[in-house]
Amino acid sequence: MRFMRWSRYLIPTTKEVPKDAVVASHQLMLRAGLIRQLAAGIYSYLPLGYRALRKVERIVREEMDRAGAIELHMPVMHPIELWQQTGRTQAMGDVLLKLRPVKDGDESDWRAQTVLGPTHEEPVTEIARAYLNSYKLLPVNLYQIQVKFRGEARPKSGVLRTREFLMKDAYSFDRDKAGLDASYQKMYDAYCRIFSRCGLPYIVCEAESGPIGGDASHEFMVLTDAGEDFVAVSENGDYAANTERATCAPLPQDESLMQEMKEVHTPGQRTIEEVCAFLKTKPAQMIKTLVYAETSKSQNVEKSKSEAPGVFVVLVRGDHEVNENKLNRVAGTRLELAPPETIRKLTGAEVGFAGPHTLGKSVVAHTLIVDQAVAVMRNAATGANKTDYHVTGINPGRDFPLTGDHVTVADVRTVIDGDLSPTGSGSPIRIKKAIEIGHVFKLGTKYSDAMKATFLDSDGKPKPLIMGCYGIGLNRIMAAAIEAHHDETGIIWPTSIAPFAVLIVALDPREKDVMDTAEKIYNELTAAGIDVLFDDRDERAGFKFKDADLIGIPVRITVGRKALAEGVVELKERAKGEVEKVGPEEVVSRAVALILGTMSK
RNA sequence: CGGGGCGUAGCUCAGUCUGGUUAGAGCGCCUGGUUUGGGACCAGGAGGUCGCUAGUUCGAAUCUAGUCGCCCCGACCA
């Protein structure tokens, strides 16, 4: 039997923290010799790291198979034409990586017509279009575990955000909406099982479906400051959503007596902070008046041809931010902040002094969108539509309309810490950082329509396939697991994805007794189907213990001369402090029990 | 893409402001010895296009210009 001897393996651990690593998982992955950076956002997985990654892969594969999904393998190189069919060459922009022609600018070169896949909706739909031509073949869920390439503008946090990464992506095809709902639920359940088995403390969030399209979506998140997504989680756990989408309970009407509206000279005071300081009020008593215009981008070609871009005046409270996803949905079109000349024309004042109360008389036709939190304010302050002036004592309903044509009151802001759960439970929302490890979407027919992927239904009519897509970032699972499970001395792997389940440390490798005992334990554990790493290095005990703590193998068995003289070896769980002395003959069964006991956690 | 920082040995860094021996230290690595249960010690040794290019100068790690790379903040992010 071949031994996994540390001395003959490659585990380049380091004592010092590499300077480029900021977050804990990145530092530990480098220090434990799991990964090595080759370029920005591009990493090699060293033997130990690759073992962990493959453990993750195996769990994902098992659960996908159990959920009835079918594994296939699609190419990394895609003809760009496929992406043009769905209009995503534009939607993806610089994220889509293209091969470079041999001669600059030679578009006839096949290379110039080839991209590296950032995701696989297009190729999988191409397959579906070719073969899924009858309702009798549905439903189908196709998945793969494949490398993705994205031209990330800024890779960061080690393996958490990279230009090349491993993803499990699945695509479901159904004949109708009910079928999609069922397929979606299967994946949702499978994801819960996967992340539980990987030992991740995850939460499920309602998510914005983004440019990929579709109408329902959930993200699987691991809460940690190393993450770059923000989620709104209610304290009692009855609500969780990405802040891109999160809503909250409407704010109650302020019942203060209405004061008179007054104009105040505020020379040069433009920002909320400046005006607040000047007027001695709080941002929560101010109304931010923002001017948006329809984008001239391709999404709105049909509209912008016929009419001038619409102007939208948006009111949010001074301490709130506009959520452009919500705003776009309310406006029914894509908006962007209007250029200064539009604002000057609309308000008749310099930028920084806009307010809603006189806009009824503006020469510029516009739609007024009032955030719900503004609609319930009393005696607020805002711009006077007059350069260097603001007004105080402005009251919604009295001084500007809340009803009527071209006026909408809606939720168009991003929730903030302290808002209450939209479920009505009254539980306060907390904003937390999180790593997105999985995402499920209901796509509908966005891709099947664009690529004309239809099937013949039982009524003999061609219909577009109803699609769902489901992604998991395998590298992120590793990093998130480390973020969630480590201490000052190193990684504490969940058993299920640990590169090895047991580490045998032979403390006196030159002693025959020690080595014989250690090897015997190694053989028995291996025979029991356990992955064992054997630290046979001729190093001092402290050195080897530090390394053991760093690489975080769940169970450590120490075989040393001293303990052996007492007829015992030592058993220690990485996650716990105590060392247990056990006879060499029973250590194997004890270790196996420990591993099985921690496996599903 | 905007702002900031950094490129000197496998790793962490000093030296650069104020140009001038043969470019240094610690960790790691190799050899020998002493040690040996929580990152030992002694002695000897290997390892460098000072990111790259051009310039200034008698002389450049050091000054100038350009360029490439990496990290952080922001923008962006199926």
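What you see below is based on every heavy atom in this structure, not just the backbone, and it leaves out hydrogens, waters and symmetry mates. What you are looking at is a predicted structure, and each value in this text was computed from that prediction instead of being measured. Chain identifiers are assigned alphabetically (A, B, ...) following the order of the sequence lines, protein sequences preceding nucleic acid strands; residue numbering begins at 1 within each chain.
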Residue matched to [N] through Watson-Crick or wobble contacts both under 3.5 angstrom:
| N | value |
| --- | --- |
| B/rG26 | B/rC11 |
| B/rA54 | B/rU64 |
| B/rG37 | none |
| B/rA75 | none |
| B/rA43 | B/rU31 |

Closest-nucleotide 5' rank along RNA chain B - winner of A/P18 and A/P118: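 First, find each residue's nearest nucleotide; the 5'-ward one identifies A/P18.
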Upstream residue (5' side of RNA chain B) when A/L550 and A/H439 are each assigned their closest nucleotide: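 Going by which nucleotide is closer to the 5' end, it is A/L550.
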Between [M] and [N] - [atom1] atom distance, rounded Å:
| N | M | atom1 | answer |
| --- | --- | --- | --- |
| B/rG69 | B/rG26 | P | 35 Å |
| B/rG51 | B/rG45 | P | 27 Å |
| B/rC72 | B/rC63 | P | 27 Å |

No-H, no-angle donor-acceptor pair, A/R561 side chain to B/rU36 base, under 3.5 Å: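 For A/R561, whose side chain was compared with the base of B/rU36, there is no donor-acceptor pair (under 3.5 Å).
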Quiz item: A/R161 side-chain donor-acceptor pair to B/rC77 base, under 3.5 Å: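 Side chain to base: pair found, below 3.5 Å.
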Under 3.5 Å side-chain donor-acceptor pair for A/T119 and A/R88: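 Result is no, nothing qualifies.
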Sugar-phosphate only, base, or nothing, as touched by A/S157 at under 4.0 Å among non-hydrogen atoms: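 Sugar-phosphate, no base atom in range.
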